[in-house]
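All remarks here apply to the structure that follows.
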Amino acid sequence: MVRDPRLRWPVVVPDELSGLRLSSVDRRAKYLLLRFPGMTAIVHLGMSGRLRVVSENLPVGKHDHVDFRFEGDRVLRLNDPRRFGSIHFSDDPVEAHWLIKNLGPEPLSRDFSGEQMHRLSRRRHQAVKMFIMNAQVVVGVGNIYANEALYRAGIRPRNAAGRVSKARYLELESAIRSTLSEAIEMGGTTLRDYFGSEGKPGYFRQKLFVYGREGEECRRCSTELKGIRLGQRATVYCPTCQH
DNA sequence: ATAGTCACCTGAGCGC
DNA sequence: TGCGCTCAGGTGACTA
């Protein structure tokens, strides 16, 4: 039941969804895949989206845009203040969906490698930070984790992707893996008003080396961390530890 | 084809 | 207390 269809794209629910039983929930990149027989809901939470299972009697709150109604009185309720999220439905295999089909490898899978990043990056002048935030290269690396991974790998964000050596891409691969694994372990990163599924903050913020620390001292060498903008996104690095 | 910019949206935070 | 401004972020669309 769509209360307000105005998410990133207008929400359109196919009639055939009615009566289907949710069979499983998967994930691809930052998309949640709610699998129904013959139909998949592709849900992105954007920046501020939350899904909660509540009673249908729970008063509808501000920004409660969509309800998936289930048996009994339970509903899966989407709340998304900033409306950067989205919901699509596909009765074809999701791998063929336009949002999914061009996505790069999962960063925690064996399909992801520094080797491949190196190969893909040849002759590219784009900044390496933008390169690893490109979902066709690897998925799941947003602004915060791109900053952190580059710090861990000792690479300057502004370096041209095509000039980063294979050895450094191998470093970067493990930096991305460790950064994301640890962040997941700690429940993600809470900044400002952004909270996790239980309404609790993510504690990875305490382990950030550079993100949000512009002007503060590098935890490793005490150099003042430098802030720049890259692709219109906040970028922070240590001029001493990262080259 | 690649690279860079724009746009979407709301609430937090800040200066006055 | 309130007003207005800036910023944050994911990612497709657009421009050059």
Can you tell me how the ring of H65(A) sits relative to the ring of H63(A), calling it parallel under 30°, perpendicular over 60° and tilted otherwise? perpendicular
What is the distance from CD1 of I144(A) to C1' of dA8(C), rounded to the nearest Å? 9 Å
May I ask whether V236(A) and Y151(A) are part of the same hydrophobic cluster, defined by side-chain heavy atoms of I, L, V, M, F, W, Y residues being less than 4.5 angstrom apart, directly or through others? yes
Classify F131(A) by what it touches in the nucleic acid, base, sugar-phosphate, or nothing, heavy-atom distance under 4.0 Å. nothing
Residue that, paired with Y31(A), satisfies ring pair (Phe, Tyr, Trp, His ring centres under 6.0 Å) out of H44(A), H88(A), H97(A): H44(A)
May I ask you to evaluate whether R8(A) reaches the phosphate of dC9(B), defined as a side-chain N or O under 4.0 Å from OP1 or OP2? no
Carboxylate-amine/guanidinium contact K207(A) E148(A), below 4.0 Å: no
Please confirm whether the shortest side-chain N or O distance from R6(A) to OP1 or OP2 of dT10(B) is below 4.0 Å. no
How many Å lie between CG on N102(A) and P on dT2(B), as a whole number? 13 Å
Rounded to the Å, how far apart are L7(A) CG and dC8(B) C1'? 12 Å
On the side chain of R233(A), is there an atom forming a donor-acceptor pair with the base of dT11(C) - under 3.5 Å, no angle test? yes
Does dT10(B) have OP1 or OP2 under 4.0 Å away from a side-chain N or O of K62(A)? no
Between N134(A) (CG) and dG12(C) (C1'), how many Å, whole number? 12 Å
Would you mind classifying the nucleic acid contact of R83(A) as base, sugar-phosphate or nothing, using non-hydrogen atoms under 4.0 angstrom? sugar-phosphate
Given dG4(B), is OP1 or OP2 found less than 4.0 Å from the side-chain N or O atoms of Q232(A)? no
Take the protein atom OH of Y31(A) and the nucleotide atom C1' of dG12(C), then report the distance between them rounded to whole Å. 8 Å
Below the 4.0 Å mark, does dG4(B) have OP1 or OP2 next to a side-chain nitrogen or oxygen of H125(A)? no
Atom-to-atom span, CD1 of I87(A) to C1' of dT11(C) - whole angstrom: 17 Å
Closest approach of L51(A) and L45(A), non-hydrogen atoms and distance? CG-CD2, 4.1 Å
